[in-house]
Each structure stands twice: as C-alpha cells, then as structure tokens.
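Here it is: the structure, laid out below.
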Amino acid sequence: MIYYFSGTGNTRRLATLLARQLDTEAIDIRQWLLSVEPLPLSFAADTSVGFAFPVYGWGLPLAVEAFLKRLPDCAEGASPHVFALLSCGDDIGHTHHQLRRLLAAKGYRLAAVWSLQMPNTYIALPFFNTDAEEVARKKIETSERALPRIARQVIERQTGVVEVVEGGMPGLKSGMIRRFFNRFLISPRLFHTDHRCIACHRCVRVCPLHNVSVPDAQRGPQWGNTCTFCLACYHVCPEHNILVRPSGTLAKGRSARFLSSK
Ligand SMILES: Cc1cc2nc3c(=O)[nH]c(=O)nc-3n(C[C@H](O)[C@H](O)[C@H](O)COP(=O)(O)O)c2cc1C
C-alpha cells in the first residue's frame, strides 16, 4: 500500500503511478484527516508500506503531521519495510528527517526516501510563482522516469536509501524559517476574493479538509479554521477569483497539472 496526501494532484499522480508499478494500491489519507477515531490501519512486519506526501514550507503539511501522529504503534522489531516519496517544487530541506522522527516515535523505521520535483504550487509570497510550462513538463517527465528505478528498490526492500534534494541551508529552512512560515504564512485568513464568484463550488469540493463553503455567489467562498494551506482552492478557481496574501497573487499562475488531472 501507498498512503498519500495531495493538495493539487502532483503527489497523487506519483503515488498512483508507483503503486501501479508495485502492483499495489494508492490510498488517499484525506478520508481520515478529520476524524479523531484511531486509524483503521495495521501493518505486518513482512510487508512494504509507502507514504507519499508533498513538501510545504520545507516540512510536511500540518494535516500530514497530525495523521502520522495517529498511526498505530508498532512493536519493537516489527516495523514493516517503510518507504516514502516526497514531492516538491525544488528542495525539501530536512523534511525527510522530520518524517523519520515522526515514524520513529510510533516505532517505524524509514528504510528509503526519495524526493521528486514536480510543478511548483506555492505562489503566496512575492517572487514565488508556478513554473513555466516547459519547466513543469520537464519536472514531470524526469520524476516519472525515476519511478521504475524506485519501484525496483522497493521490491528489493532496500534500506538506507536517502535520495533527496535538500537544497541550501536545509537546517535553517526546516527550522527557523519553517516555524515562521507555519506561524504567519499558513492561515485561511490569508485568502480573499474580488467578488467574481460564480458559485461553481469547485473550491468546496476540492478542499481536502472540507474547510470551504460558498453560501452564495455574492458572498463568495468562506474559509473555516481547518486549513493545511495546500492551495487547491486557489488553483481550481476557474475565475481566478481566489487571491492569497501577502502578495495578492492576481497575476500569478495556476497549476496546470492540477487542472489537467481533474
Ligand atoms: C504551502 C506550500 C508550501 C510549499 N513549500 C515548498 C517547499 O518548501 N519546497 C519545495 O520544493 N516546494 C514547496 N511547495 C511546492 C510543492 O511541494 C509541490 O508543488 C508539490 O508537488 C505539490 O504537491 P501536491 O500537488 O500533491 O499538493 C510548496 C507548496 C505549497 C502549497
């Protein structure tokens, strides 16, 4: 099994393709994100278990962090072969260390981890934008080309594999900068609209945390407090009506991957 979270479709694509090559299933964890019940999961020691998550702010999405903290405890010496794919726009900092720590707290040993670059979906800060079409296409091609090799490594149950792009200053990015990012730049209060809502409700349907409602076109989308800042609502709006502070984002791109996969 590969358990995945995907805001805008990139990670879903990778998880689904890899699962196909491993002749297993890719399972969307969003079905469990809002419940407080124990997760209905158990993993036998002789199996391989995969996780596929995007990188948000040089770490795991907050909803994924909460999911991992709810994994069933694993008895000592009974860890399955655990592997992980981290999808990112550029680099992941120390996200793999964070993942390893969260898994270890539950008794699991992360045997192999890869990061794969996909089209960038982060647009909220100045100087951050979606990729040019050619760049996005190249990233998808390169990442998908790596999957058969990764599948082979999983089948061979390889351990000690760390094939990730940390980027420059990974400790700083996943430490102080991430804390600032989570404190000030991940909030549903950063979304606003400019009143061109056509009440199509796509933003409502796409939100993995059921955090968006559209009472009527005049009021437009309204956000609750349960947001992991995946930006799916921003990317899916056909009117480009959803804007994100601090940069406003009116002139920024939308994720073609996401739109084409819908
Ligand atoms: C809030 C947010 C923060 C992000 N932070 C990073 C980052 O730190 N490093 C990076 O390379 N990409 C970053 N990205 C880009 C995503 O990791 C990348 O586009 C990923 O493939 C999106 O996967 P998804 O479509 O499954 O959500 C970020 C995207 C979002 C929405």
Side-chain angles (χ1 to χ4, degrees), residues 2-18 26 28-30 33 51-65 67 84-99 114-125 127-132 135-140 142-144 146 164-188 190-191 206-209 227-236 242 244-247 249 252-262:
I2 300 177
Y3 297 90
Y4 73 89
F5 174 79
S6 183
T8 43
N10 289 344
T11 316
R12 179 187 311 119
R13 169 92 186 155
L14 295 173
T16 308
L17 288 174
L18 183 62
D28 192 338
I29 66 164
R30 70 173 63 189
L33 294 182
F51 295 103
F53 303 129
V55 171
Y56 292 171
W58 296 291
L60 295 167
L62 296 177
V64 167
E65 224 181 294
F67 166 82
L85 272 191
L86 296 170
S87 98
C88 63
D90 294 298
D91 53 57
I92 71 162
H94 280 166
T95 308
H96 53 313
H97 295 326
Q98 184 197 13
L99 177 61
W114 299 266
S115 71
L116 292 175
Q117 287 181 340
M118 291 293 274
N120 179 46
T121 55
Y122 185 73
I123 42 68
L125 280 172
F127 309 114
F128 285 79
N129 205 346
T130 50
D131 296 314
V135 174
R137 197 179 54 74
K138 261 221 162 83
K139 283 183 177 176
I140 295 170
T142 309
S143 290
E144 292 189 359
V164 301
V165 178
E166 290 188 347
M169 296 183 289
L172 182 67
K173 284 175 177 166
S174 295
M176 207 163 74
I177 295 179
R178 173 168 174 77
R179 280 195 293 281
F180 177 87
F181 187 83
N182 283 349
R183 172 81 179 78
F184 297 108
L185 297 171
I186 291 204
S187 165
L190 298 175
F191 294 116
V206 84
C207 176
L209 294 168
C227 178
T228 200
F229 220 65
C230 69
L231 300 180
C233 53
Y234 164 87
H235 286 286
V236 79
I242 293 174
V244 194
R245 295 189 183 92
S247 69
T249 65
K252 302 247 179 147
R254 263 72 186 169
S255 167
R257 150 65 52 206
F258 175 73
L259 297 174
S260 65
S261 70
K262 285 282 118 185

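Values below: all heavy atoms of this structure, side chains included; hydrogens, waters and symmetry mates excluded. Computed from a prediction, not measured in an experiment: that's the story for all the values here. Start at 1 and go down the list; that is how both ligands and their atoms are numbered.
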> Considering distance alone, does some N or O of Val55 sit under 3.5 Å from an N or O of ligand 1?
Replying inline: yes
> Going by the order shown, which atoms of ligand 1 are within less than 4.0 Å of some heavy atom of Asn120?
Replying inline: 14 (N), 15 (C), 19 (O)
> Heavy atoms only: which of Gly57, Gly7, Ala52 is nearest to atom 5 (N) of ligand 1?
Replying inline: Gly57
>> Under a 4.0 angstrom heavy-atom cut-off, which atoms of ligand 1 come close to Thr11?
In response: 23 (O), 24 (P), 26 (O)
> How many angstroms lie between atom CZ of Arg245 and atom CG of Leu125, to the nearest 0.5 angstrom?
Replying inline: 14.0 Å
> Considering only heavy atoms of Leu231, which atoms of ligand 1 have at least one such atom less than 4.0 Å away?
Replying inline: 31 (C)
>> Only heavy atoms of Met118, strictly under 4.0 Å: list the atoms of ligand 1 that pass.
In response: 21 (O)
>> Students often mix this up, so state it plainly: with edges at 30° and 60°, are the rings of Phe180 and Phe184 parallel, tilted or perpendicular?
In response: tilted
> Is the distance between the ring centroids of Tyr234 and Phe229 under 6.0 Å?
Replying inline: no
> In ligand 1, which numbered atoms sit nearer than 4.0 Å to a non-hydrogen atom of Trp58?
Replying inline: 7 (C), 8 (O), 9 (N)
> At under 4.0 Å between heavy atoms, which part of Cys230 makes contact with ligand 1: side chain, backbone, both or neither?
Replying inline: backbone
> Which of these passes side chain to side chain contact (heavy atoms under 4.5 Å, CB included) with Arg12: Leu14, Asn10, Thr16?
Replying inline: Thr16
> Only one of Ile92, Leu86, Thr228 forms a side chain to side chain contact (heavy atoms under 4.5 Å, CB included) with Leu60, so which one is it?
Replying inline: Leu86
> What about Gly89: any of its N or O atoms under 3.5 Å from an N or O on ligand 1?
Replying inline: yes
>> Working to the nearest 0.5 angstrom, can you tell me the gap between Met169 CE and Ile177 CD1?
In response: 6.5 Å
>> Measuring centre to centre across the rings, with the benzene-like ring taken for any Trp, is Phe5 within less than 6.0 Å of Phe53?
In response: no
>> Going by the rule salt bridge (Lys or Arg N to Asp or Glu O under 4.0 Å), which residues pair with Arg137 if we only count those two or more places apart in sequence or in a different chain?
In response: Glu134, Glu141
> Rounded to the nearest 0.5 Å, how far does CH2 of Trp58 lie from CG of Asp90?
Replying inline: 9.0 Å
>> Side chain or backbone, does Pro54 bring an N or O within less than 3.5 Å of an N or O on ligand 1?
In response: no
> Which option, Thr8, Val244, Thr228, owns the non-hydrogen atom nearest atom 25 (O) of ligand 1?
Replying inline: Thr8
>> Show me which atoms of ligand 1 lie under 4.0 Å from any heavy atom of Asp90.
In response: 10 (C), 11 (O)
> Side chain or backbone of Ile186 under 4.0 Å from ligand 1, or both, or neither, by non-hydrogen atoms?
Replying inline: neither
>> Determine whether a donor-acceptor pair (N or O, by modelled atom type, separation under 3.5 Å) exists between the side chain of His94 and the backbone of Ser174.
In response: no
>> Within ligand 1, which atoms have a heavy atom of Pro119 less than 4.0 Å away?
In response: 18 (C), 19 (O)
> In terms of atom number and element, which parts of ligand 1 are under 4.0 angstrom from non-hydrogen atoms of Phe229?
Replying inline: 1 (C), 31 (C)
> For ligand 1, does Thr121 get within less than 4.0 Å through its side chain, its backbone, both, or neither, judged by non-hydrogen atoms?
Replying inline: both
> Do Phe5 and ligand 1 have an N or O pair less than 3.5 Å apart?
Replying inline: no
> Do any nitrogen or oxygen atoms of Ser6 lie less than 3.5 angstrom from nitrogen or oxygen atoms of ligand 1?
Replying inline: yes
> Do any N or O atoms from the side chain of Asn120 and from the backbone of Asp131 form a donor-acceptor pair under 3.5 angstrom?
Replying inline: no
